[in-house]
Colleague: 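Below you'll find the structure I mean.
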Amino acid sequence: MKETRTKLAEGVHLTCMPARKFKTDLLSAQFMTPIREETAAVQALLPAVLRRGCARCPDMGALGAELDRLYGAELDYTVRKKGERQCVGFVASLIDDAFTPGGEKLLEPVAELLGQVICNPAMKNGRFLPEYVDSERTNLVDAIRSILNDKRDYADLRLLQEMCAGEAYGVSRFGDEKAAEALTGEQVYGAYLKMISAAPLELFYCGGAEPARVADALSKALSVLPRTTVAPLPKTLRHTARAEALRITDAMDVTQGKLGMGFACGSDDFSALLMGNTLFGGSSNSKLFMNVREKLSLCYYASSQLHREKGVITVSSGIEFENFQRAYGEILIQLKAVQDGALDDWELEGARSTLCNAYATIGDSQGKLENFWLGRMASGREDTPEELAAGVRAVTPERIREAMGSVSLDTVYFLKGEEAGA
């Protein structure tokens, strides 16, 4: 059976991905909102607070006991960024009916518990429990601060923040530390009421149950979900290339420099850009890896990523401080080689194989399937993994040259040591 998408209520849709090869089923509920600097932190906090308990299971102990009763079902909260969408919600995992003792059905009770967590959270005097809000706010602040501990992730985030300053794409999925620290219980509850009534809700199921049964279970579980006017999601705007590259340098107590480079893409030929990026720095056979890292030893790591919805390519690399200019220049040389079509047959076929294999293995993991289809819904795309693979197989060297020829340097970010020279 093919995937199906059904409307259950205003702004609530269910995507079923039939799969009988797994011993477990996956059930996901994701609210999608525009990611904005002023709301990112509070919305990132919401699912963590809701996961602390519901009216029937008012604390994590009671909730855990209920999940144990359901043969060790799991229910985790998620905070993700898809393009310029912030997706927050829950993912549940449960044993498929074919593997439960006596064929006991777990879909309905797990769906009901998911509905309880979303629609009937643990409350006190009409508000979230202050101790839950305080505890999860501390955890959120710690998560934001922990990004600084991984300098690679920090540099990648800083590059996007500078490149997309003033654009939603530059906002972190967890929001800003100061905003998180200042959150009050009233603000969190207000955001909750707005989210459950107005944010589009995408539901996903992957397992062996019939779609009609899944739809019935979730419709009943979410029957009290208030839906007023569902807010349409604004379209993601492509990044406009700068006339002159922006250059940003930060100094910190680090022993290894981080060089990030952002490029604007002027082409809409996604398959060709995807192939071009894979050839440039998107695989272990790429020009950045083979030449800048392996052959010239200018980088500890060097890779590139295509951000489809935003129309940008970013390069992430770790270097010695004194190698900044050489690494910077060599990265541009490797990009120019792709733009000029200086590509061997083995490079082209290696990139094609890497991408097609990645699309082929999406169906081997329920988590990958859910993540792929969530990204599809968040971006408004309609292509399937099979269609994406077919697009890659059809790309010619001429299309790669033309698409990559539209790529121009936009932003350069360098994280150096406090004692390093400029």
Side-chain angles (χ1 to χ4, degrees), residues 83 152 156 159 238 259-318 327-365 368-369 371-372 375-376 379 381 383-410:
R152 181 173 182 171
D156 292 345
L159 172 63
R238 290 176 68 91
L259 169 60
M261 300 170 69
F263 300 85
C265 305
S267 173
D268 291 323
D269 189 344
F270 169 67
S271 295
L273 284 173
L274 188 59
M275 275 287 287
N277 174 71
T278 306
L279 290 158
F280 175 41
S283 77
S284 58
N285 290 321
S286 68
K287 290 187 176 293
L288 289 186
F289 187 90
M290 297 293 289
N291 295 305
V292 184
R293 182 186 185 276
E294 294 293 297
K295 183 178 179 181
L296 299 174
S297 299
L298 288 174
C299 299
Y300 295 103
Y301 62 86
S303 63
S304 66
Q305 178 182 353
L306 173 64
H307 305 249
R308 176 179 182 176
E309 287 78 17
K310 201 60 182 172
V312 302
I313 289 174
T314 56
V315 169
S316 175
S317 66
Y328 167 83
E330 193 61 38
I331 288 170
L332 292 179
I333 288 173
Q334 298 307 320
L335 174 62
K336 187 68 164 54
V338 178
Q339 292 175 322
D340 291 344
L343 305 166
D344 293 328
D345 289 343
W346 70 266
E347 291 179 283
L348 286 164
E349 293 314 307
R352 215 183 301 273
S353 176
T354 294
L355 292 169
C356 289
N357 286 341
Y359 291 131
T361 59
I362 288 176
D364 294 337
S365 163
K368 286 183 179 179
L369 279 167
N371 193 54
F372 175 85
R376 190 174 185 259
S379 63
R381 301 196 313 265
D383 37 22
T384 65
E386 294 78 15
E387 290 168 341
L388 288 169
V392 165
R393 285 192 288 269
V395 171
T396 63
E398 291 74 21
R399 284 175 58 190
I400 296 173
R401 284 199 300 271
E402 183 176 352
M404 293 301 287
S406 73
V407 174
S408 60
L409 182 62
D410 183 277

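Since the model is a prediction, treat every value here as computed from it, not as a measurement.
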Colleague: Can a donor-acceptor pair be found, under 3.5 Å and without considering hydrogens, that links the side chain of Thr361 to the backbone of Asp364?
Modeller: no
Colleague: What's the separation between atom OG in Ser283 and atom CG in Asn357, rounded to the nearest 0.5 Å?
Modeller: 11.5 Å
Colleague: Assess the residue pair Ile400 and Leu348 against the criterion (side chain to side chain contact (heavy atoms under 4.5 Å, CB included)); give the C-alpha distance rounded to whole Å, side-chain angles, the decisive distance to 0.1 Å, and a yes or no.
Modeller: CA-CA 10 Å; Ile400 296 173; Leu348 286 164; 3.7 Å; yes
Colleague: Could you check whether any side-chain N or O of Arg238 sits under 3.5 Å from a backbone N or O of Cys265, counting only pairs where one atom can act as donor and the other as acceptor?
Modeller: yes
Colleague: Under the 3.5 angstrom rule, does the side chain of Glu349 hit a backbone N or O of Asp344 as a donor-acceptor pair?
Modeller: no
Colleague: Ignoring hydrogens, what is the shortest heavy-atom contact between Met261 and Leu409? Give both atom names and the distance.
Modeller: CE-CD1, 3.9 Å
Colleague: Roughly how far, to the nearest 0.5 Å, is NZ of Lys310 from OG of Ser379?
Modeller: 13.5 Å
Colleague: Keeping the roles fixed (side chain from Glu330, backbone from Ala327), state whether a donor-acceptor pair exists under 3.5 Å.
Modeller: no
Colleague: Measure across Ser304 and Phe280 and return the closest heavy-atom pair with its distance rounded to 0.1 Å.
Modeller: OG-CD2, 3.7 Å
Colleague: Can Asp268 and Arg308 be counted as an ion pair, charged N to O under 4.0 angstrom?
Modeller: no
Colleague: What distance do Asp410 atom CG and Ile313 atom CD1 have between them, rounded to the nearest 0.5 Å?
Modeller: 12.0 Å
Colleague: Just by distance, do the side chain of Asn291 and the backbone of Lys287 share a donor-acceptor pair under 3.5 Å?
Modeller: yes
Colleague: Side chain of Arg352, backbone of Val395: donor and acceptor closer than 3.5 Å?
Modeller: yes
Colleague: Is it the case that the side chain of Ser406 and the backbone of Gly266 share a donor-acceptor pair, with hydrogens and angles ignored and the cut-off at 3.5 Å?
Modeller: yes
Colleague: Residues in side-chain hydrogen bond (donor to acceptor under 3.5 Å, both in side chains) with Thr354, at least two apart?
Modeller: none
Colleague: If every non-hydrogen atom of Ala272 is compared with every non-hydrogen atom of Ala403, which pair is closest and at what distance?
Modeller: CB-CB, 3.7 Å
Colleague: Let me confirm one number: the CG-CZ distance from Leu388 to Arg393, rounded to the nearest 0.5 Å.
Modeller: 10.5 Å
Colleague: Run the numbers on Val292 and Gln334 for side chain to side chain contact (heavy atoms under 4.5 Å, CB included), then give the verdict.
Modeller: CA-CA 8 Å; Val292 184; Gln334 298 307 320; 3.8 Å; yes
Colleague: Please step through side chain to side chain contact (heavy atoms under 4.5 Å, CB included) for the pair Phe372 and Ile362, ending with a clear verdict.
Modeller: CA-CA 8 Å; Phe372 175 85; Ile362 288 176; 3.8 Å; yes
Colleague: Drop me the distance from Asn277's CG to Leu288's CG, to the nearest 0.5 angstrom.
Modeller: 9.0 Å
Colleague: I need the minimum non-hydrogen distance between Val392 and Met275, along with the two atoms involved.
Modeller: CG1-SD, 3.8 Å
Colleague: Strictly below 4.0 Å, N to O, side chains only: are Glu309 and Arg381 in salt-bridge contact?
Modeller: yes
Colleague: When you measure from the side chain of Ser316 to the backbone N and O of Ser303, does any donor-acceptor pair fall under 3.5 Å?
Modeller: no
Colleague: Can you give me the closest heavy-atom contact between Val338 and Arg401, atom names plus distance?
Modeller: O-CG, 4.3 Å
Colleague: When rounded to the nearest 0.5 angstrom, what is the spacing between CG in Leu279 and CG in Leu335?
Modeller: 11.5 Å
Colleague: Counting only N and O atoms by type, is there a donor-acceptor contact under 3.5 Å from the side chain of Arg399 to the main-chain atoms of Asp269?
Modeller: no
Colleague: Could you give me the CA-CA distance, side-chain angles and deciding distance for Arg376 and Thr384, then say whether side chain to side chain contact (heavy atoms under 4.5 Å, CB included) is met?
Modeller: CA-CA 9 Å; Arg376 190 174 185 259; Thr384 65; 4.2 Å; yes
Colleague: On a heavy-atom basis, which atom in Ser317 and which in Ile331 lie closest, and how many Å separate them?
Modeller: OG-CD1, 4.3 Å
Colleague: Please check: side-chain N/O of Gln305 versus main-chain N/O of Thr314, any donor-acceptor pairing under 3.5 Å?
Modeller: no
Colleague: May I have the list of side-chain donor-acceptor pairs in residues 294-302 shorter than 3.5 Å, sequence neighbours left out?
Modeller:
unit_1 : atom_1 : unit_2 : atom_2 : d
Tyr300 : OH     : Glu320 : OE2    : 2.0
Tyr301 : OH     : Lys258 : NZ     : 3.4

